[in-house]
Every structure is written in structure tokens, then in C-alpha cells.
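Below is one structure; the comments refer to it alone.
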Amino acid sequence: MTLDQKIVEARAVLDAHITALNARDAKAISATLHFPHFRLSGVTLKTWETPDSYFADFRARAGGEWSHSAFEDIRVVDASDDKVHFDLAVVRYDASSKEIARFRSLWVITSENGKWAAKVRSSFAAR
């Protein structure tokens with residue numbers, strides 16, 4: 001498999017994640033993440049050892065007005081045979097599709113045991 005094909009597989013993780021998030025499908029969201037999973041927001045590092053509380057934690061961070069999200073301006077920063085770094089904009093919307101948050105995020109997608117999934121994220125999100 002070429003590096004370009006691996007990037008396509010890693011990019012598919014982002015698509016699957018945002019689709020699952022907007023569907024509020026906790027099991028499908030978890031399938032897009034490696035555990036333990038790490039998120040650095042500002043200088044605070046959060047670790048989820050297992051998928052059990054991941055979606056509930058997201059809902060608490062996103063706030064009660066959150067309805068759905070989108071990824072925009074997705075760029076490959078660098079890639080290897082088993083890791084791809086993506087720089088992207090995360091946009092959160094309320095039920096009327098009014099933008100309620102926008103921030104840059106670095107997603108590290110890794111291939112472990114034949115599965116591409118997100119291992120680490122670092123964002124400039126307020127919460």
C-alpha cells in the first residue's frame with residue numbers, strides 16, 4: 001500500500017468520526033479512536049483509558065446548545081506508514097446551524113494492529 005493510500009485510510013477516520021459524532025452514536029465514535037485516547041486542550045491533558053465516558057465528556061465540553069459539528073480546511077501536516085498528522089478546523093453549530101465555536105485542532109491518526117484511528121488530539125478549543 002502506498003503512502004497516499006494510507007493517508008486516504010487515515011482521512012476516512014476523520015469522516016467516520018464526524019458522522020458518528022453528529023449521529024450521537026457512542027459506539028461508532030469509539031471505533032474511530034484508539035484507547036487510551038488523549039486530548040490536549042490549552043495546557044490540560046485529558047486521557048480516556050476506555051470508551052465508556054468519551055461521548056458524555058464530549059457533550060459536557062460542547063455545551064447544551066451543541067447540535068452538530070463539521071471539520072473544515074483539513075490539511076495533512078506529515079505522514080508515515082503508520083501515522084498521519086492532520087491540521088483542521090472544528091466547527092460546532094447549534095440546532096439552527098448557527099456557529100457556536102470554531103478552533104484549530106491537530107489530530108494524530110495511527111495504524112495499530114491493522115486499524116487506523118485517532119490516538120491524540122491537540123486543540124485550541126475553549127473547552
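In this chain, residues are counted from 1 in sequence order.
Residues T2 and D4 bring no donor and acceptor atom of their side chains to less than 3.5 Å of each other.
Both V76 and L3 sit in one connected hydrophobic cluster of ILVMFWY residues. Membership requires side-chain heavy atoms under 4.5 Å apart, directly or through other members. F124 and L40 fall into different hydrophobic clusters, where Ile, Leu, Val, Met, Phe, Trp and Tyr side chains are chained together by heavy-atom contacts under 4.5 Å. Under the 4.5 Å side-chain heavy-atom criterion for grouping Ile, Leu, Val, Met, Phe, Trp and Tyr, L21 is connected to F35 within one hydrophobic cluster. Side-chain heavy atoms closer than 4.5 Å link hydrophobic residues (I, L, V, M, F, W, Y) into clusters, and following such links, possibly through other members, connects I18 to Y54. Under the 4.5 Å side-chain heavy-atom criterion for grouping Ile, Leu, Val, Met, Phe, Trp and Tyr, L45 is connected to V120 within one hydrophobic cluster.
For the pair V13 and W107, the minimum side-chain heavy-atom distance is 4.5 Å or more. Side-chain contact between E9 and I109 is absent, with no heavy-atom pair separated by less than 4.5 Å. In this structure the side chain of L88 never reaches within 4.5 angstrom of the side chain of E72, judged on heavy atoms. A 4.5 Å side-chain heavy-atom check between F71 and F86 finds every atom pair outside the cut-off. Within the 4.5 Å cutoff, no side-chain heavy atoms of D94 are placed close to those of W66. Contact of the D81 side chain with the M1 side chain is not registered, since no non-hydrogen atoms from C-beta on lie closer than 4.5 Å.
Remark: S123 OG to L106 CG distance equals 10.0 Å, nearest 0.5 Å. We find the OG1-CH2 distance between T32 and W116 to be 14.5 Å, quoted to the nearest 0.5 Å. Rounding to the nearest 0.5 Å places CG of D57 at 10.5 Å from CG of D52. The OG atom of S111 lies 12.0 Å from the NZ atom of K119; values are rounded to the nearest 0.5 Å. Between R104 atom CZ and S122 atom OG the span is 12.5 Å, to the nearest 0.5 Å. Taking OG of S53 as the reference point, atom NZ of K46 lies at 5.5 Å (rounded to 0.5 Å).
In this structure, Y93 and H68 have parallel ring planes: the angle between them is below the 30° cut-off, well short of the 60° mark. Ring geometry for H37 against W48 counts as tilted: the plane angle lies between 30° and 60°, on a 0 to 90° scale.
Between K98 and E65 there is no salt bridge, since none of the side-chain N atoms of the basic residue sits less than 4.0 Å from a carboxylate O of the acidic one.
The nearest pair of heavy atoms linking D15 to T19 is O-OG1, 2.9 Å. Of all heavy-atom pairs spanning L33 and K115, the tightest one is O-NZ, 3.8 Å. Considering all non-hydrogen atoms of both residues, P36 and E49 come closest at CB-OE1, 3.7 Å.
Judged purely by atom type and a 3.5 angstrom limit, N22 uses its side chain to pair as donor or acceptor with the backbone of S69.
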Check against side-chain contact (heavy atoms from CB on, under 4.5 Å), R121 and V108 | CA-CA 6 Å; R121 293 173 296 144; V108 179; over 6 Å; no

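Judged as a side-chain hydrogen bond (donor to acceptor under 3.5 Å, both in side chains), and not counting sequence neighbours, S30 has no contacts.
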